[in-house]
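Notes follow the structure.
Throughout, a chain's letter reflects where its sequence line sits, starting with A, and its residues are numbered from 1.
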Amino acid sequence: MLDPKRIRNELIQVAEQLKTRGFTLDVAQIEALETQRKEWQVKAQDLQALRNSRSKEIGKAKAQGQDVAPLLAEIENLKSELEQAELKATQVQGQLEEVLAGVPNTPHESVPVGKSEEDNVEIRRWGTPPSFDFAVKDHVDLAEARGWYDNDAAVRITSSRFSVLKGPLARLQRALIQFMLDQHAAAGYQEVYVPFMVNQDSLRGTGQLPKFEADLYKISKNSEHDTQDRDLYLIPTAEVPVTNLYREQIVDESELPIQLVAHTPCFRSEAGSYGRDTRGLIRQHQFEKVELVQLVQPENSYAALEALTAQAELILQKLALPYRVMALCTGDMGFSSAKTYDLEVWLPGQQAYREISSCSNFEDFQARRLLARFRIGNAKPQLLHTLNGSGLAVGRTLVAILENYQNADGVITVPEALRPYLGGAESL
RNA sequence: GGAGACGUGGCCGAGAGGCUGAAGGCACACCCCUGCUAAGGGUGCAUAGGGUUUGUAGCUCUAUCGAGGGUUCGAAUCCCUCCGUCUCCGCCA
């Protein structure tokens, strides 16, 4: 979430910035709530202070054996007044927080202004799309022809948008995961293994809740006696558990930058995407992803974004997959992001570049909710900047390899970098 | 899953309705002293939020002793619910 102080002091400027991403900040509403907040909070705190001092006097009087009845009578009325002020204060605070929780991050000044995908800006291209002297197939046709992909079985076992991979394709996926983790570890990212289910606080921390509940799979865990909501959610990305490793933590400056990598399955309900990418492995409810996460000092976060993006690119380069880097425009960026680069890989089956990684700098937007902080010496803790990026989406990498490395006879050439992970096999 | 014990600041550990935001110790920071890397003395040392303010300075207020609720003029201390940790039993990979 945004800094409430900034919203208070620079409301108009913030509203302007948010406008570029197509978000209208209800300035009047916030001003009204803010006025009320101040009024009730001050009143409640004043009454609390009064109660505290009176209570202390009673304590002292009692200790000295004096009659406390007059003092008690004096604060008799205070109680209901205080209760009302406290109630009002928490109500207004709650409303204000609800509004603020729905406000997206403000874009970095370097982000191109635009309305949609169309306005994203290509930063660079790497590699050349391969040319084929035969009719190319898409990954579904390629995989089905070899008996590696069974959509019907997945539907029977679970439902649509799940998949069953068999034999060499399943093994290729495992090889890719291993390969990616090894590459990132070699670059200094610490590998972590994390839970695939998370609680609501974690999702709030990274910004998936409260706004995007519909995209998540929920596991009911509440019992009837629970006073708090204990439902768990399947992670939509490793970003959630990994970044939350530092929720409510204060790390020493010497531990920075923190660079982590995790492989997890990801679960997305894909609500609202009916009819899009229904064929094959592009858009699934469950998919494998290797995720890079960094927590850094604020002044380093934009350099870290470049480095993290380059690290994700490295995988594509080692696999010799053609791609381009897109700077997302203000209108296309995710809720929590201040700046995002998408990596788009060339898919011959679609004759198009498709997203395979998304690398974002969230600045302190997530850290504020998370209370993820660092400290220099004995100074006051400061909010970290958080970043993450896919390195890469494994399912889509699988698609890219099948399609880019296909041969006329349906055999798939194994990218050289991957051969050590497949017992030296040159083709599948 | 059953039985019991316990959750206090970066750590250890007092406190058992008021004078406790919290003794004492360790760690840490700064200063003093000390003729070697050791010891001693002093000071400081939680987090968040609000008000005031040009101010992330100062002053001041509020909240926080696992979490939430309750009793009370007043709760770290009493009651309830939940979560977690430990020990024993059961079960299991």
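B:G10 atom C1' lies 18 Å from atom CZ of A:F374, rounded to whole Å. Distance CG (A:L87) to P (B:G70): 11 Å, rounded to an integer number of Å. Rounding to whole angstrom units, CG of residue A:D201 and C1' of B:C83 are separated by 12 Å. Protein atom CD of A:E83 is 12 Å distant from nucleotide atom C1' of B:C73, rounded to whole Å. Between the CD atom of A:E97 and the P atom of B:G49 there is a distance of 11 Å, given to the nearest Å. Going from atom CG of A:L72 over to atom P of B:G18 covers 16 Å, rounded to whole Å. In this structure, CD of A:E248 is placed 11 Å from C1' of B:A67, rounded to the nearest angstrom. Computed from coordinates, the A:R368 CZ to B:G49 C1' distance equals 14 Å when rounded to whole Å.
To the nearest whole angstrom, the two C1' atoms, one in B:A76 and one in B:A63, are 14 Å apart. Between the P atoms of B:C59 and B:G70, the separation comes to 35 Å (whole Å). Using atom P as the reference point in both B:A46 and B:G84, the two lie 31 Å apart (nearest Å). Nucleotides B:A3 and B:U72 are separated by 32 Å at their P atoms, to the nearest Å. Nucleotides B:U87 and B:A27 have their P atoms positioned 29 Å apart, rounded to a whole Å. Comparing the same atom, C1', in B:C28 and in B:C45 gives a spacing of 8 Å after rounding to whole Å. Annotation: B:G69 and B:U85 have their P atoms spaced 23 Å apart (nearest Å). Comparing B:C19 with B:U81, their P atoms are spaced 29 Å from each other, to the whole Å.
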Check the pair A:N199, A:S202 against side-chain hydrogen bond (donor to acceptor under 3.5 Å, both in side chains), reporting the backbone distance first and the verdict last. CA-CA 6 Å; A:N199 57 36; A:S202 294; 3.1 Å; yes
Show your reasoning for whether side-chain hydrogen bond (donor to acceptor under 3.5 Å, both in side chains) applies to A:T106 and A:R6. CA-CA 11 Å; A:T106 47; A:R6 197 173 143 220; 3.2 Å; yes
Under the criterion salt bridge (Lys or Arg N to Asp or Glu O under 4.0 Å), I'd like the reasoning laid out for A:R124 against A:E313: C-alpha separation, chi angles, the key distance, then a yes or no. CA-CA 11 Å; A:R124 60 184 166 269; A:E313 286 177 65; 2.6 Å; yes
Chi angles and distances behind the salt bridge (Lys or Arg N to Asp or Glu O under 4.0 Å) call for A:K115, A:D119: CA-CA 6 Å; A:K115 282 187 176 152; A:D119 303 314; over 6 Å; no
Any chance you could lay out the side-chain hydrogen bond (donor to acceptor under 3.5 Å, both in side chains) test for A:Q48 and A:E86, step after step, and finish with the verdict? CA-CA 9 Å; A:Q48 283 169 336; A:E86 280 177 337; 2.8 Å; yes
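What you find for A:T206 and A:Q366 is that their closest heavy atoms are O-NE2, 3.1 Å.
Taking for each of A:P4 and A:L50 the nucleotide of RNA chain B with the nearest heavy atom, the 5'-most of the two is the partner of A:P4.
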Restricting to nitrogen or oxygen on both sides, can you table the protein-nucleotides 56-61 of chain B pairs closer than 3.5 Å?
none

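Within the nucleic acid shown, A:P381 comes within 4.0 Å of sugar-phosphate atoms alone, with no base atom in reach, counting heavy atoms only.
The partner of B:C92, taking Watson-Crick or G-U wobble pairs whose two distances both stay under 3.5 Å, does not exist in any strand shown. In this structure B:G17 sits in no base pair that meets the Watson-Crick or G-U test at under 3.5 Å. Pairing for B:U53 is absent, with no Watson-Crick or G-U wobble pair whose two atom distances lie under 3.5 Å. Base pairing of B:A39 is not made with any nucleotide, judged by Watson-Crick or G-U wobble geometry with both donor-acceptor distances under 3.5 Å. Pairing for B:G24 is with B:C12, a Watson-Crick or G-U wobble pair whose two hydrogen-bonding atom distances lie under 3.5 Å. Pair assignment for B:C33: none, as no Watson-Crick or G-U wobble contacts are both less than 3.5 Å. Base pairing analysis places B:C6 opposite B:G84; the two distances defining the Watson-Crick or G-U wobble pair are each below 3.5 Å. Across all strands shown, B:A46 pairs with B:U64; the Watson-Crick or G-U wobble distances both stay below 3.5 Å.
Heavy atoms of other residues, nucleotides or ligands lying less than 6.0 angstrom from CD of A:Q317 number more than 12.
Residues from residues 33-40 of chain A that place a heavy atom under 4.0 Å from any atom of RNA chain B, listed by number: A:R37, A:K38.
Distances shown here put every side-chain N or O of A:K56 at or beyond 4.0 Å from the OP1 or OP2 atom of B:C19. For the pair A:R8 and B:G50, the criterion of a side-chain N or O lying under 4.0 Å from OP1 or OP2 is met. Contact between the side-chain N/O atoms of A:R54 and the OP1/OP2 oxygens of B:G18 is not found at any separation under 4.0 Å. The side chain of A:R375 contributes no N or O atom lying less than 4.0 Å from OP1 or OP2 of B:A29.
A:E57 has a carboxylate O that lies under 4.0 Å from a charged side-chain N of A:R54, or vice versa, which qualifies the two as a salt bridge. Between A:D141 and A:R279 a salt bridge is recorded (basic side-chain N to carboxylate O distance below 4.0 Å). One finds a salt bridge joining A:E270 and A:R283 here, because a Lys/Arg side-chain nitrogen approaches an Asp/Glu carboxylate oxygen to under 4.0 Å.
Applying the side chain to side chain donor-acceptor pair (under 3.5 Å) rule to pairs touching residues 331-343 of chain A yields A:S110-A:K339, A:N120-A:D332, A:E306-A:Y341, A:S337-A:T340, A:K339-A:Y341, A:T340-A:S360, A:D342-A:S358, sequence neighbours excluded.
Residue side chain A:K62 reaches the base of B:G18 through a donor-acceptor N/O pair under 3.5 Å, judged by distance alone.
Not less than 6.0 angstrom separates the ring centroid of A:F267 from the ring centroid of A:F196.
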